Amino acid sequence: MNRRKFLHFSALTAPLLTATRSFASGFEAANRPIVISTWDSGMPVNAAAWKVLSAKGSALDAVEAGARHMEDRIDCCVGLGGYPDRDGIVTLDSCIMDHQSNCGAVAGIEKIKHPVSVARKVMEKTPHVILVGAGAQQFAVENGFPLESGELSESAKKAYAEWLKKSEYKPVINIENKKQNGPFAPQFFDDGTLNHDTMGLVAMDMNNDLSGAVTTSGMAFKIHGRVGDSPIIGAGLFVDNEVGAATSSGLGEEVIRICGTHLVVEFMRQGYSPELACKKACERIVKRNLEKAKTLQVGFLALNKKGQYGAYAIQKGFVFSVKSEKENQIHQSKYLV
Ligand code: SD4
């Protein structure tokens, strides 16, 4: 075939090949339903979400159920049992997003047990996306959420008392790697408790629809009023039902600076796998300041429309949990530094 004939042949067959490719992928069985969540504490969270998904429930209901499960537990980093800010007050951040880009969030909310459900109410009952602080609490109470006592959990009291001894403003973010040092380094708390960190989860249901949720008490011993990435749509969570969904954990300020999860989803839109998309977002943070990046942790976790998932972190130690028909396990994330 000469060049001219080849070009002619290509012009005729290219649309056919493209059509065949999309036809084939259209019929490729997606790995669904599926739920993936940050950290090993995601295993019981996934189980709670799976109850909904396996009964043909929506991804939205599933991620809310998963996040609520975590908020019910006493954990360093999620819910009212979480570690307080530097004034000794627990403030919670949460958001939720569905397959139609509806989203809701609360930031810095106090004394409310299930911020994720308040976030959902913000999404469904108001024309707004984020409510903060006293206003968020007032809205929660108006919508029937009980006001809790605000007393610290025993573990939080202990950790706070320990922190007060030095009162150094060195907010701890991740705790999976004892050897790291530095202001924003991953480290264990003095009482040796394992930190399971912010809960972010994304799911795809039987209808191929995606949703996600995040819930956290944020960075331990933060300045009162500080808001991290977790309740910020496009930072701690992003869902685009045509492409995929992503969530993050780690030093929120770094995630906000690059609109982290939105970036991950945009990389997936460009054709990158979930893992590579997460890797490229981590690289964006590292590129900005390598020396700083060596002292901090950020991890991204993503799911695409085929039910493929992947994660990447700046440092070693980020793990995530996956539940589908095929598996129920914890995975180690790859890392950059
Ligand atoms: C924050 N991203 O408040 C949250 C905390 C977290 O690992 O995920 N820590 O910045």
Side-chain angles (χ1 to χ4, degrees), residues 37-42 45 67 70-71 75-79 82-86 89-95 105-110 115-116 119 130 132-133 156 159 169-177 180 182-189 193-202 212-238 246-262 264 278 281-282 285 292-293 295-301 311-321 333 335:
S37 41
T38 52
W39 306 107
D40 46 357
S41 55
V45 167
M70 198 69 201
E71 289 167 350
D75 183 272
C76 60
C77 312
V78 176
Y83 291 170
D85 61 25
R86 67 180 188 178
I89 302 164
V90 176
T91 62
L92 304 176
D93 296 339
S94 179
C95 72
V106 289
I109 193 168
E110 295 173 28
V116 72
I130 309 182
V132 303
Y169 193 60
K170 286 184 176 179
V172 177
I173 45 148
N174 282 316
I175 307 201
E176 69 271 18
N177 187 348
Q180 301 280 344
F184 296 103
Q187 44 192 285
F188 279 84
F189 284 109
T193 47
L194 265 182
N195 181 347
H196 292 291
D197 231 318
T198 289
M199 176 46 56
L201 69 161
V202 295
V214 182
T215 184
T216 187
S217 50
M219 187 185 272
F221 319 126
K222 59 196 174 186
I223 291 176
H224 184 67
R226 176 264 185 193
V227 174
D229 57 327
S230 304
I232 309 289
I233 299 297
L237 176 71
F238 197 68
T247 187
S248 62
S249 188
L251 184 59
E253 282 75 2
E254 293 301 314
V255 178
I256 292 171
R257 278 190 186 99
I258 63 157
C259 295
T261 53
H262 182 261
V264 170
C278 292
C282 288
I285 294 173
K292 190 176 174 203
T295 70
L296 61 89
Q297 174 67 308
V298 168
F300 291 106
L301 175 61
Y312 226 92
I314 292 181
Q315 309 216 26
K316 191 175 176 183
F318 181 47
V319 300
F320 61 100
S321 304
S333 151
Y335 54 95

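It should be emphasised that the depicted structure is a prediction, and the values quoted were computed from it without experimental measurement. Heavy-atom basis, side chains included; hydrogens, waters and symmetry copies ignored. Counting from 1, the numbers follow the sequence of the chain as shown. One-based numbering, in listed order, for ligands and for the atoms of each.
At a heavy-atom cutoff of 4.0 Å, ligand 1 is contacted by the side chain of Arg226 but not by its backbone. At a 4.0 Å heavy-atom cut-off, ligand 1 touches Ser249 through backbone and side chain alike.
Each of the following atoms of ligand 1 lies closer than 4.0 Å to a heavy atom of Gly218: 3 (O). With ligand atoms numbered from 1 in the order given, ligand 1 contributes 3 (O) to contacts under 4.0 Å with heavy atoms of Met219. Close approach to Ser230 involves these atoms of ligand 1, each under 4.0 Å from a residue heavy atom: 2 (N), 4 (C). The atoms of ligand 1 that sit less than 4.0 Å from any heavy atom of Asp229 are 1 (C), 2 (N), 4 (C), 10 (O).
Closest to atom 8 (O) of ligand 1 by heavy atom, among Thr216, Val255, Thr198, is Thr198.
The shortest non-hydrogen separation linking Val264 to Ala246 is CG1-CB, 3.7 Å. Across all non-hydrogen atoms, the minimal contact from Tyr83 to Ala159 is CZ-CB, 3.5 Å.
Residues satisfying the side chain to side chain contact (heavy atoms under 4.5 Å, CB included) criterion with Ala119, sequence neighbours excluded, are Ser94, Ile96. For Thr216, the side chain to side chain contact (heavy atoms under 4.5 Å, CB included) partners two or more places apart in sequence, or in a different chain, are Asp93, Thr198, Ser230.
Polar contact check, Gly252 against ligand 1: a nitrogen or oxygen pair lies under 3.5 Å apart. Among the atoms of Leu251, none of the N or O lies under 3.5 angstrom from an N or O of ligand 1. Considering backbone and side-chain N/O of Asp93, none are found under 3.5 Å from N/O of ligand 1.
For the pair Glu253 and Lys222, the salt-bridge criterion is not met [side-chain N within less than 4.0 Å of a carboxylate O].
When side chains are defined from C-beta on, Pro231 does not count as touching Ile130, because their heavy atoms never get closer than 4.5 Å.
Using bins of under 30°, 30° to 60° and over 60° for the plane-to-plane angle, the ring pair His262/Phe238 lands in the perpendicular bin.
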